[in-house]
Amino acid sequence: MQSVFDIAGITPLDCKNSRIAAEGDFPVLYRLEGQKEERVGCFEAKRAFPFEKEDEYIVLLSEEGKDLGFIRALSERSEQERAILERELSRRYFMPVITGIQKVTERFAFSYWKVKTTSGDLEFSVKDTYRSLIHLGKRIIVTDADGNRYDIPDVTALDRDSRKKIDIYLW
Amino acid sequence: MRAPHVFDPQNPHIVPDLLLPALSSYGVKKEDILALLYLDLDEDCRFKDCYLIATQTRLLYVSGITQIRKEKKRTMRLFLPCNKKEWDLSALSAFKSEDLASSCRLSAACAEGRVVLCNYTLSFKEDVRIFTGYLESIAAEGSFTPLSGDRVKKKELYCPKCGLRYPDPESKVCPKCQKQSKTVWRTAKLLSAYKWKILLVGLTLVLTGLLSIVAPYFSAGFFYDQVLDVAGAFYGKIALVIGIIVATRLLSQLVSSLHSALTSVIAADMIYDLRKIIFSSINRLSVSFFTSRKTGGLMTQVNSDSQTIYWFFCDLIPSFTVNMVQVVAAILIMFLLSPPLCLAAVLFIPFSIVAIRAIFKKMDVLHSRRFGRSRSLSSALSDMLGGVRVVKAFSGEQKEQKRFNKKNEELAKADLNTNLYGAKVFPGVELLLRLGNSLVWAVGGVMILLHLTNPALVGEQSVLTYGLLATFISYVSMIYAPLFGFVDMISTAADSMKAMSRLFEIMDAKPEVVEREEPLRIERMKGGLRFENLGFCYIPGQTVLEKISFEVEAGKTVGIVGRTGAGKSTLANLILRLYDPTEGDIYIDGVNLKDLAFEDLRRQVAIVSQDTYLFSGTILENVRYARPEATLFEVVNACIASGAHEFIMKLRDGYETRIGQGNMELSGGEKQRLSIARAILKDPVLLILDEATAAMDTRTEQIIQRSLTALSKGRTTLIIAHRLSTLRDADELIVIDKKTIAERGTPEELIKQKGIYYTLYKMQTEALKTIGISED
Ligand SMILES: Nc1ncnc2c1ncn2[C@@H]1O[C@H](COP(=O)(O)OP(=O)(O)O)[C@@H](O)[C@H]1O
Ligand SMILES: [Mg+2]
């Protein structure tokens, strides 16, 4: 049976039809057709499923935001290309990881957090706390009032005191 | 945590003193600096203090740490640089700031390709945007003019006293510097109309309290010592004394009946008023308030919070006061009866208070968790019920059941925890109080025995009789009973405090779009429309539109074309002032929209939009919503013109068919036709058709198209359309792409131009041909 992909003429970017290199701090996409090679340009790499599948379904967008295609899995690419992509992805999806929570106070619509993160100590405020926490099983992602995000990869791994402070938001 | 330096768009060249030593070591003179920007992330995305510094020729990036040293009471701040990068400013071009998942980066093109200049958190986006504008000017022209005046919105996001972020920067109320007592006081002021009534309630309670204090005196000690004792003054007058006892009981019953009658009267009035206050506060807010909240939560708020606040003022505060008075009075009487015994009785009070305070804290946590879960359950519920059609269509009942069960279980668990905690804790407190009682018995017993065996030891005036001891015991329970009451009140008080702060969260929320004081009134506008350098984002940092400038002459028809999500509907929202532009302005007849009265604007602008909302009510009411005074003749004519008449007349009750909320539901196309009728009835100066016919079949669309074309004659019309064929008669077309205007001109011109419009046009006609429809 023909897949929807085939019918719509969508083919993922693989090693046969594309090559990835780096220019300056940014990655560049080349399209291959037989022996011919055409430079498409700089691109932004985005994860289609940033929480579920970090290394699969990497969508490449041109600088103008046009869809250039997607890579089904990073493991399909050469080591060199993977390193370029991984560097770009880790920059894009950088999120300070909360390692300890020193204080959370709730007043009116805001909660005020004082935390330790992998990027340094930090204070921030969260608007409408219940709605600003994304629950992904044991993982929790906090979005602050400015839209910055902080990662708690495993709430159960936090120390008791830290966990107690955010206990009321967890379910 | 405040930044060591704040970028000031009007004075970008200000250099913080702590940076000077580092700068001079890099050979940068203070007076050469044109602009300096503070940022919070370094090149490895760690929180550091970083600066971008522009001189005439160079762009410098420095990251480092600010150290605070205390020397003889003076705090010294030192900047310890870690890293430095430098670029030739004239070699940089194509500056670009990008939103990453949780940070941003600014990059530029140079000889080696694209380089990252700096990283920063989203909190600094606005600063970077302005700074980049300056950089572009310096790179291109060698200088720049700082933004000034209204172009720079000075935003005070933090409380100057404690550095806490304001929940609402507009109202500038800092939750930390604002005390809970203040919240109560503010609520009290809202309800000041009720103060005499509440006082009356208090009075009845005080009377009840006083009577209950007097009662033990007659029924216990007095009865034993004065009536049953041969030496007593009332010896044998049982009937009289019993009479007195019955009379006080009766009186107390009477007063408490009066009390309940009073409260039921006040309750109805006050809850009604509170609901009104809450609803009107919600009603005045801008659209953005509602899109950022769950309606389930707001529904709870209107209903149950008014109840809770009523309880606080009419039940809690009066009974608290009375209990307090009772405790103090009882202690006073006890002291007069026998100081040593009083001491024994009071001994346990401090312990109980400490215990009660601890319980208060824990209860608070348990209650806010319970509340959070019940809010989550009710909003999930309103979600599921609202989307019931989707649920059924995708047979998601099982899934929804599971989702509901989970939330329900969580709420039940929170309930259980709260109750369990109560069950665990209250017997403990009770035991403590019982111990107090026993102690009084013990001390009293010892004192009586001592008196019997060795009268000289005790002294004459503190003679303790059995009757006195009995009276005493009744008073002891009188101080402990209110303490129990306090524990009980705790949970109600905690809920009430939450309800009150939620009330003020809404009352203090400033509508984002506000009418100017003394707005300009225009009875009948001409309808000239002008956009000037318009920019907009719903969520800070996610620009939807930017640099939009165009003009529509009064009476002309302009079509707006663009992909889905291009921001066409957003443009319509901005004209209606459902949101205010983040940048730039919109003018109608040369008057800034911000200066115009809401009433005049919304009376003269009509929109027919993609998703039509109809209220529950009759079709007639819904069509007339635009202009309640419209005659039936006008309504019918409008419906004929909009093509709604036909389907309306097929309904059993015609124009009086009830729709929405458990009544009959209309199809998308039918709803749109009603909403076109609404617009026709409104006779607007400015008409916006936002994919007004998207939900209709081609034949119906063609019919209505004629009405719409007729309707647009003589008024300024903006047509937003997917199907380009509907735009053939437009005087001008505007193509929005990549957040801004990509092409403009008459349809013929655009086809000749062979740009985006041409591609879209060709695609559509071809697509239509394949399904056998010719557009002409
Ligand atoms: N209330 C909102 N909050 C946040 N983003 C929104 C909101 N409404 C629309 N958007 C976003 O704004 C962009 C433009 O939307 P819209 O103006 O509706 O596009 P269209 O051109 O299809 O009418 C879309 O990317 C959409 O996701
Ligand atoms: Mg739209």
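Throughout, a chain's letter reflects where its sequence line sits, starting with A, and its residues are numbered from 1. Side chains included, hydrogens not; waters and symmetry mates left out as well; all remaining heavy atoms used.
Remark: of the listed residues A/Arg91, A/Glu63, A/Glu44, A/Glu44 is the sole one forming a side chain to side chain contact (heavy atoms under 4.5 Å, CB included) with B/Glu98.
A distance of 5.0 Å separates CG in A/Asn148 from CG in B/Leu122, rounded to the nearest 0.5 Å. Separation of atoms CE (A/Met95) and OG (B/Ser103) is listed at 10.0 Å; rounding is to 0.5 Å. Of the inter-residue distances, the one linking B/Leu100 atom CG with A/Lys46 atom NZ reads 9.0 Å to the nearest 0.5 angstrom. Taken from CZ in A/Arg92 to SG in B/Cys104, the straight-line distance is 10.5 Å, to the nearest 0.5 Å. Separating the SG atom in B/Cys45 from the CZ atom in A/Phe94 is a distance of 4.5 Å, to the nearest 0.5 Å. One distance of note links CG of A/Asp144 with OG of B/Ser102; it measures 7.5 Å at 0.5 Å rounding.
By the neighbour-count criterion of 12 heavy atoms within 6.0 Å, atom NZ of B/Lys85 is densely surrounded, having more than that number from other residues, nucleotides or ligands. Atom CZ of B/Arg563 has 12 or fewer neighbouring heavy atoms from other residues, nucleotides or ligands inside a 6.0 Å radius.
Looking at B/Leu366, there are no atoms closer than 4.5 Å to chain A (heavy atoms on both sides), in backbone or side chain. Of the two parts of A/Thr117, only the side chain, counted from C-beta on, holds a non-hydrogen atom closer than 4.5 Å to a non-hydrogen atom of chain B. Contacts between B/Lys96 and chain A at a heavy-atom distance below 4.5 Å involve the side chain alone, from C-beta outward. Using a 4.5 Å cut-off between heavy atoms, B/Arg370 does not touch chain A at all.
The shortest side-chain heavy-atom distance between A/Pro96 and B/Phe47 falls under the 4.5 Å cut-off.
Between B/Val115 and A/Phe26, the shortest heavy-atom contact is C-CE1, 4.2 Å.
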Salt bridge (Lys or Arg N to Asp or Glu O under 4.0 Å) evaluation trace for B/Arg114 with A/Glu88: CA-CA 13 Å; B/Arg114 198 155 254 291; A/Glu88 173 68 11; over 6 Å; no
